[in-house]
Number of protein chains: 2
Amino acid sequence: MPSVESSNNSIAVDAPSEHDTHRANAPIVKLCPHSTGVSCGSCRLNELCLPIALNEGEMEQLDNIVERNRPLKKGDHLYRQHDGFKSIFAVRSGSFKSYVLSSSGAGRVTGFYLPGEIIGMDGIADRTHANSAIALEHASICEIPFNQLESLSLKLPVLQHNFFSIMGAEITKDQKVHTILSSYSAEQRIASFLLGISSRYARVGLSPTRFHLPMTRGDIGEYLGLTVETVSRLLTALQKRDLIEVDNREIALVDKDRLKEIVGADDL
Amino acid sequence: MPSVESSNNSIAVDAPSEHDTHRANAPIVKLCPHSTGVSCGSCRLNELCLPIALNEGEMEQLDNIVERNRPLKKGDHLYRQHDGFKSIFAVRSGSFKSYVLSSSGAGRVTGFYLPGEIIGMDGIADRTHANSAIALEHASICEIPFNQLESLSLKLPVLQHNFFSIMGAEITKDQKVHTILSSYSAEQRIASFLLGISSRYARVGLSPTRFHLPMTRGDIGEYLGLTVETVSRLLTALQKRDLIEVDNREIALVDKDRLKEIVGADDL
DNA sequence: ACTAATCATTGAGCTAAATCAAGATAATGA
DNA sequence: TCATTATCTTGATTTAGCTCAATGATTAGT
């Protein structure tokens with residue numbers, strides 16, 4: 001397999017952990033060096049995550065409520081639809097998809113979550129998760145018990161502000177997806193999707209032009225409201241036009257400008 | 001004739017209104033809440049809005065930051081895309097749509113907002129509104145300056161909790177829309193839309209079976225990713241099957257159960 | 001009240017993407 | 001390792017919803 005540089009999977013791998021707060025049910029897997037750290041203060045994602053702009057003392061208080069080291073294997077569920085809501089989660093490494101099971105059997109993917117992103121906010125409103133969330137690859141997360149986050153947010157204005165912003169960003173993102181689904185052609189959806197993944201990887205310091213897709217074509221199709229076949233055909237077509245290179249799940253964005261033209265400028 | 005608005009129209013007259021458009025950053029004539037007879041405490045929507053479960057003293061503090069009496073005429077903008085974000089708004093009467101202008105000219109409706117609902121959260125994340133919001137009919141709103149809401153939320157745990165819940169509900173709702181747009185047929189979308197409007201009216205004490213649609217067929221189409229023609233055809237078709245009655249924008253849901261069957265059970 | 005403009009309906013045909021079908025490739029596990 | 005399953009690709013065909021077009025109904029402005 002041609003290695004598309006150090007993509008997603010390699011970043012952020014788990015914590016070295018002197019004082020491991022391993023929980024009883026926490027899986028095995030030994031943690032690699034350098035990492036996202038055992039504390040928010042030493043996590044390389046902290047400028048993209050809940051702790052933005054917290055001072056040292058504040059970050060320590062946040063650290064105290066964060067539960068780390070709950071690595072998940074591919075296919076493990078982080079939570080399931082209808083589960084009681086207790087926590088939100090920050091993706092530390094790996095990736096997740098959220099999905100709902102339609103009554104007609106087929107699952108529908110509602111989101112993908114990459115390192116530095118927050119998953120689980122679908123349970124805040126009615127204290128029950130509206131989606132299931134499943135690891136697309138080996139992954140680790142920080143669990144943030146919501147009640148404690150609320151309490152701490154009362155004491156730390158910056159934390160409250162950050163969390164409002166994170167939720168606001170989720171709302172804005174969902175509305176953008178709404179626009180994509182309600183008005184873009186299949187080709188525009190795919191181009192937009194690739195550019196979106198690209199900038200989300202860029203955000204955590206990974207290459208915006210060469211990356212690994214952790215999800216299947218089927219997942220992408222469900223997310224974008226297309227069939228697997230259409231996704232596959234369009235990736236092939238974009239490659240033939242030299243806009244991208246595709247090697248199974250390794251993607252290279254060869255001509256980002258023309259991809260942006262396809263989606264029509266004002267996309268993410 | 002059942003109509004969306006009604007209710008709080010008793011409250012005060014207009015701001016000076018030399019200009020038709022009340023922009024978010026336009027000067028506001030703030031009247032003392034008690035002189036208008038309207039305060040959160042006396043608002044019939046207060047159990048559905050920000051003040052849920054606030055005690056008297058807390059509600060008074062909220063009242064002090066809420067700016068009321070900004071009636072808008074049909075077609076007035078509440079804010080425009082790219083406007084600086086200052087406030088969120090609670091719809092008191094009337095209704096709004098939010099939309100974005102695509103580079104390709106056509107506007108895309110991203111949401112409808114009915115009495116008791118909060119509009120403007122699309123600006124929280126990056127302090128700039130991602131959408132425009134326009135009144136679909138004569139409407140009045142409560143403006144809640146966001147910075148003050150944040151400050152007050154630090155002091156009133158229940159208020160903070162409520163606002164987290166409201167944002168969470170928006171996220172959950174957007175994800176449901178995602179599912180609708182990515183996997184429902186045109187007929188399912190229309191049925192689901194009608195049921196959604198129905199329960200939103202029911203929430204504020206209006207009839208869930210007979211109501212007025214404040215938006216055009218075109219708006220509905222943009223929102224649902226369908227053309228005007230398809231929306232029109234499907235409403236006619238549902239009427240022919242005796243599931244609904246349509247008289248221009250007056251809708252009666254005749255057979256809610258079969259509408260639910262169409263969308264496949266687990267819808268709103 | 002009258003005119004213009006917007007909104008809604010209906011029909012006929014077209015097309016983008018779905019469906020159906022068949023293989024090829026890659027991942028997983030005994 | 002090989003066998004099994006999951007994923008991906010490509011082709012042929014169908015179809016749901018779009019586009020184009022024309023007309024009627026409402027609403028808004030003077």
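On a predicted model such as this, the values are computed, not experimentally measured, just so you know. Each chain gets a letter, A, B and so on, in the order the sequences are listed, and its residues count up from 1.
Distance A:Arg217 CZ to D:dC8 C1': 7 Å, rounded to the nearest Å.
No option in B:Asn131, B:Ile220, B:Leu136 other than B:Leu136 meets the side-chain contact (heavy atoms from CB on, under 4.5 Å) test with B:Lys97.
Ring planes of B:Phe89 and B:Tyr79: parallel class, angle under 30° (limits at 30 and 60°).
Taking 4.0 Å as the cut-off between side-chain N and carboxylate O, B:Glu261 and B:Arg258 do not count as a salt-bridged pair. Under the 4.0 Å criterion applied to side-chain N and carboxylate O atoms, B:Glu222 and B:Arg217 are not assigned as salt-bridge partners.
Not one side-chain nitrogen or oxygen of B:Ser232 sits closer than 4.0 Å to the OP1 or OP2 atom of C:dA8. OP1 or OP2 of D:dC18 has at least one side-chain nitrogen or oxygen of B:Thr230 nearer than 4.0 Å. For A:Arg249 and D:dT7, the shortest distance from a side-chain N or O to OP1 or OP2 is not below 4.0 Å. Under 4.0 angstrom from either OP1 or OP2 of C:dA17 there lies no side-chain N or O belonging to A:Arg233. The shortest distance between the side-chain N/O atoms of A:Thr227 and the OP1/OP2 oxygens of C:dA18 is below 4.0 Å.
Distances were taken from every side-chain heavy atom of A:Lys74 (C-beta onward) to each of C:dA27, C:dA8, D:dC20; the shortest belongs to C:dA27. For B:Leu226, taking side-chain heavy atoms from C-beta onward, the closest of the listed nucleotides C:dC20, C:dA8, D:dC18 is D:dC18.
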